[in-house]
Amino acid sequence: MLQPGEYIKDIFQMPVGTSVTARGWVKTKRDSKGISFIQLNDGSVFTDLQVVIDADVVPEETMQLVTTGSCISVEGDLVESPAKGQAVELKGKSVEVHGSADPATYPLQKKGASMEFLREIAHLRPRSNTFGAVFRLRHAASYAIHKFFQERGFIWVHTPVITASDAEGAGAMFGVTTLDLMNLPRTEDRGIDWTKDFFGKQAYLTVSGQLEGETFAEALSNIYTFGPTFRAENSNTPRHLAEFWMVEPEMAFCDLDDDRHLAEDFLKYIIAYVVDTRMDDLEFFNNRIDNTVLETLEHVANSDFEHITYTETIEILEKANRGWEFPVKWGVDLQSEHERYITEEVFKKPVVVTDYPKEIKAFYMRMNDDGKTVRAMDVLLPRIGEIIGGSQREERHDVLVEKIESMGLPLEAYWWYLELRKYGSVPHAGFGLGLERMIMYLTGMKNIRDVIPFPRTPGNAEF
RNA sequence: UCCUCAGUAGCUCAGUUGGUUAGAGCAUCUGACUGUUAAUCAGAGGGUCGUAGGUUCGAGUCCUACCUGAGGAGCCA
């Protein structure tokens, strides 16, 4: 395996004259009479290492196996490059071919592939410039997320992937069962007898670790979850996945204002970290994917997020001199067209909308004194839409019981959640960030399926 | 799930009001070239025009259904 100091990114840092071995996959090879140029990449850095092979140095039959997509090791000396385009290059003395790649059938060419085509060869697309950059950036952002929370004393909690509670009713859930679907055990009234199932009750893949996260916040104070999350909605859009990664911090002794400011600091921190550490990849995105990426990140890092209430938002939308496809009035949920107008045209920066009508938000959000709105917040970004949804949670036992009952939810299913309000309850708040939407924002990638290694969407679970 | 658009060579696309033998660039193969970097130059091979029906003397082109993909909407992160 490659040891620290042996990656191509390390080779670029070495002094001219160093004898090195570079390993990686061949992007392209160009032959002239008496000389060959190989672009070699091991994924550690955006820039390829140019390998130069003079005629007769390496056997002809070996060089014939060095084709686009093949995997090789090259031993040689790092030299100053006489040509423009790179400062240094590797003067190869010997080449070992680990795995060849038949040029007639290797599907990943050096130019002209669409994102849709690359998605069909998801097992090979990490070798492309674009996807190498996407996944290095995804890694950097993930690392920044851990770093941000740990610098603030947050504990990372591993909430379960399998759950038996239909948590917050946040969308359709995937069932988890070991029952024989061709021969289901039946109850007397011809329903399915879930007591015979693996967990003795109906189980699902989690749609959120929040409720479990709250239990840990009321013991370890500041916590966060970071892991996969599942939604069985039949959503076919560039912004939805059936399996995606979510970050959910939960803080005791915290109200919605603290929550909102943490969300803003959080987003700015991630941006600052990737700008600091992955500028090479960001420049590629800016040049080839979306030429507003750098400007936008700069702008967000240096501007305060706008904060308005839902009620104020409705007033702005009502005053807007335009026809809405979905009519605006107090009480309706904000539509994509409304969110875009607010972030892209009115404020032209991230906007936090708070205090939504209680009817359109989840049961656990804290009731305001007006009796009509709850302490909810959505962070809206230009182009992306909602990237963070959060709230201050209802910490008053009697209010929460009343809320659960009024929404027709089964009180007994929430017995442990309610006990948190009976024993040592405290004001607390949190939010959820969709990792992939953040990566879309950072990279300028237009489709969420292109910022996760192997996207799961309705009708697609290949690889 | 609904609406709209698209599907032609390995990839990216052109193909006129329906009319002879299906077009280009890239990729691949062969050859040329001593510093290329989207290398260049010359030549060659490569097609069930998404699938199944239908209309017509004749369909890549028109009609129907289905499949696949994309964009928009809803749901949301």
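Scope of the values below: all heavy atoms of this structure, side chains included, with no hydrogens, waters or symmetry mates. Order of the sequence lines sets the chain letters (A, B, ...), proteins ahead of strands, with each chain counted from 1.
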Quiz item: Do E386(A) and V379(A) come within less than 4.5 Å of each other through their side chains, counting heavy atoms only?
Solution: no
Practice problem: Whole angstrom is fine here: how far is it from CZ in R449(A) over to C1' in rG71(B)? | Solution: 11 Å
Quiz prompt | d(CH2, W245(A); C1', rC76(B)) in whole Å | solution = 20 Å
Quiz prompt | E462(A) CD to rG69(B) P, straight-line distance once rounded to whole Å | solution = 11 Å
Quiz prompt | Value in whole Å for how far the C1' atom of rC3(B) lies from CD of E325(A) | solution = 10 Å
Quiz prompt | P-based separation of rA52(B) from rC67(B) [nearest Å] | solution = 15 Å
Self-check item: RNA chain B contacts among residues 429-440 of chain A, heavy-atom distance under 4.0 Å
Solution: G432(A), G434(A), R437(A)
Quiz prompt | D258(A)/R260(A) ion pair, N-O < 4.0 Å | solution = no
Practice problem: Report which part of the nucleic acid P238(A) touches: base, sugar-phosphate, or nothing (heavy-atom distance under 4.0 Å, all strands). | Solution: sugar-phosphate
Quiz item: Rounding to a whole Å, what distance do you find between N236(A):CG and rU4(B):P?
Solution: 16 Å
Exercise. Answer yes when E344(A) and K348(A) have at least one side-chain N-carboxylate O distance shorter than 4.0 Å, and no when they do not.
Key: no
Self-check item: Full working for salt bridge (charged side-chain N to carboxylate O under 4.0 Å, His left out) between R375(A) and E394(A)
Solution: CA-CA 9 Å; R375(A) 301 245 73 190; E394(A) 183 56 73; over 6 Å; no
Self-check item: For atom CZ of R138(A) and atom P of rA77(B), their distance in whole Å
Solution: 17 Å
Quiz item: Can you list, by residue number, the residues of residues 32-66 of chain A that have a non-hydrogen atom closer than 4.0 angstrom to RNA chain B?
Solution: S32(A), K33(A), I35(A), F37(A), Q50(A)
Quiz item: In terms of side-chain heavy atoms of P103(A), which of rG74(B), rC29(B), rU36(B) is nearest?
Solution: rC29(B)
Self-check item: C1' atoms of rU34(B) and rU40(B), separation to the nearest Å
Solution: 14 Å
Quiz item: Looking at rA77(B), rU1(B), rC11(B), which one has an atom nearest to any side-chain atom of F244(A)?
Solution: rA77(B)
Quiz prompt | Contacts of type side chain to side chain contact (heavy atoms under 4.5 Å, CB included), residue E214(A), not counting sequence neighbours | solution = Q210(A), L211(A), E250(A), R393(A), Y417(A), L420(A), R421(A), H428(A)
Exercise. Flag yes if more than 12 heavy atoms outside E151(A) fall under 6.0 Å of its CD atom; otherwise flag no.
Key: yes
For residues 445-463 of chain A, which side-chain donor-acceptor pairs fall under 3.5 Å, sequence neighbours excluded?
residue : atom : partner : partner atom : Å
K446(A) : NZ   : G444(A) : O            : 2.9
N447(A) : OD1  : R449(A) : N            : 2.9
R449(A) : NH2  : T237(A) : O            : 3.2
D450(A) : OD1  : R119(A) : NE           : 2.9
D450(A) : OD1  : R119(A) : NH2          : 3.4
D450(A) : OD1  : R125(A) : NH1          : 3.2
D450(A) : OD2  : R119(A) : NH2          : 2.8
R456(A) : NH1  : E462(A) : O            : 3.0
R456(A) : NH2  : F463(A) : O            : 2.7
N460(A) : OD1  : E462(A) : N            : 3.3

Practice problem: Give me the residues of residues 118-132 of chain A where at least one heavy atom lies under 4.0 Å from an atom of RNA chain B, by number, or none. | Solution: R119(A)
Quiz item: Are a donor atom and an acceptor atom from the side chains of E212(A) and T159(A) found within less than 3.5 Å of each other?
Solution: no
Quiz prompt | Separation of rU36(B) C1' from Q86(A) CD (nearest whole Å) | solution = 9 Å
Exercise. Please determine, for the side chain of S114(A), which listed nucleotide (rG71(B), rA77(B), rU12(B)) has the closest atom?
Key: rU12(B)
Practice problem: Indicate, yes or no, whether a donor-acceptor pair under 3.5 Å links the base of rG35(B) to the side chain of E89(A). | Solution: yes
Quiz item: Does a side-chain N-to-carboxylate-O contact under 4.0 Å join D281(A) and R278(A)?
Solution: yes
Can you give me every donor-acceptor pair (side chain of residues 90-97 of chain A, partner residue at least two apart or in another chain, under 3.5 Å) with its distance?
residue : atom : partner : partner atom : Å
K91(A)  : NZ   : D54(A)  : OD2          : 3.0
K93(A)  : NZ   : D77(A)  : OD2          : 3.1
S94(A)  : OG   : E75(A)  : OE1          : 3.4

Exercise. May I ask you to list the residues of residues 21-31 of chain A, by number, that have any heavy atom positioned under 4.0 Å from an atom of RNA chain B?
Key: R30(A), D31(A)
Self-check item: Ring geometry between W324(A) and Y341(A) (parallel below 30°, tilted from 30 to 60°, perpendicular above 60°)
Solution: perpendicular
Quiz item: Which part of the nucleic acid does S81(A) contact within heavy-atom distance under 4.0 Å: base, sugar-phosphate only, or nothing?
Solution: base
Self-check item: Worked verdict on E306(A) versus K349(A) for salt bridge (charged side-chain N to carboxylate O under 4.0 Å, His left out)
Solution: CA-CA 7 Å; E306(A) 193 66 35; K349(A) 62 178 176 178; 3.7 Å; yes
Exercise. Could you run through RNA chain B and flag its stems, i.e. three or more consecutive Watson-Crick or G-U pairs with both distances under 3.5 Å?
Key: B:1-7 with B:67-73, B:10-13 with B:23-26, B:28-32 with B:40-44, B:50-54 with B:62-66
Exercise. Determine the contact category for E243(A): base if any of its heavy atoms lies under 4.0 Å from a base atom, sugar-phosphate if only primed atoms, P, OP1 or OP2 are that close, otherwise nothing.
Key: nothing
Practice problem: Say whether W245(A) and T229(A), considering side chains only, have a donor N or O and an acceptor N or O under 3.5 Å apart. | Solution: no
Quiz item: So, are R366(A) and D355(A) salt-bridged, with charged N and O less than 4.0 Å apart?
Solution: no
Quiz item: Are F149(A) and F266(A) an aromatic pair by the rule of ring centers under 6.0 Å?
Solution: yes
Quiz item: So does S235(A) reach the base of rC75(B) with its side chain, donor to acceptor, closer than 3.5 Å?
Solution: yes
Quiz item: In chain order, what residues pass the ring-ring contact (aromatic ring centres under 6.0 Å, His included) check against W25(A), with sequence neighbours excluded?
Solution: none
Quiz item: Could you state the OH-C1' distance from Y441(A) to rA77(B), rounded to the nearest angstrom?
Solution: 16 Å
Quiz item: Taking all atoms of both residues into account, what is the closest heavy-atom pair of F363(A) and I404(A), and its distance?
Solution: CD1-CG1, 3.6 Å
Quiz item: For RNA chain B, which residues in residues 340-353 of chain A have a heavy atom at a distance below 4.0 Å?
Solution: R340(A)
Exercise. Check the angle between the aromatic planes of Y269(A) and Y273(A) and answer parallel, tilted or perpendicular using the 30° and 60° thresholds.
Key: parallel
Self-check item: Modelled atom types, side-chain donor and acceptor of Y224(A) and Q150(A), under 3.5 Å
Solution: yes
Self-check item: Nearest-nucleotide pick for N460(A), side chain only, options being rA77(B), rG69(B), rG35(B)
Solution: rG69(B)
Could you go over nucleotides 7-10 of chain B and give all protein N or O partners under 3.5 Å, atom names and distances?
residue : atom : partner : partner atom : Å
rG10(B) : N2   : Q109(A) : OE1          : 2.8
rG10(B) : N2   : Q109(A) : NE2          : 3.4
rG10(B) : N3   : Q109(A) : NE2          : 3.3

Exercise. Mind checking side chain to side chain contact (heavy atoms under 4.5 Å, CB included) for N286(A) and listing every partner two or more places apart, or none if nothing turns up?
Key: V293(A), L294(A)
Self-check item: Donor-acceptor side-chain pairing of D378(A) and Y356(A) below 3.5 angstrom
Solution: yes
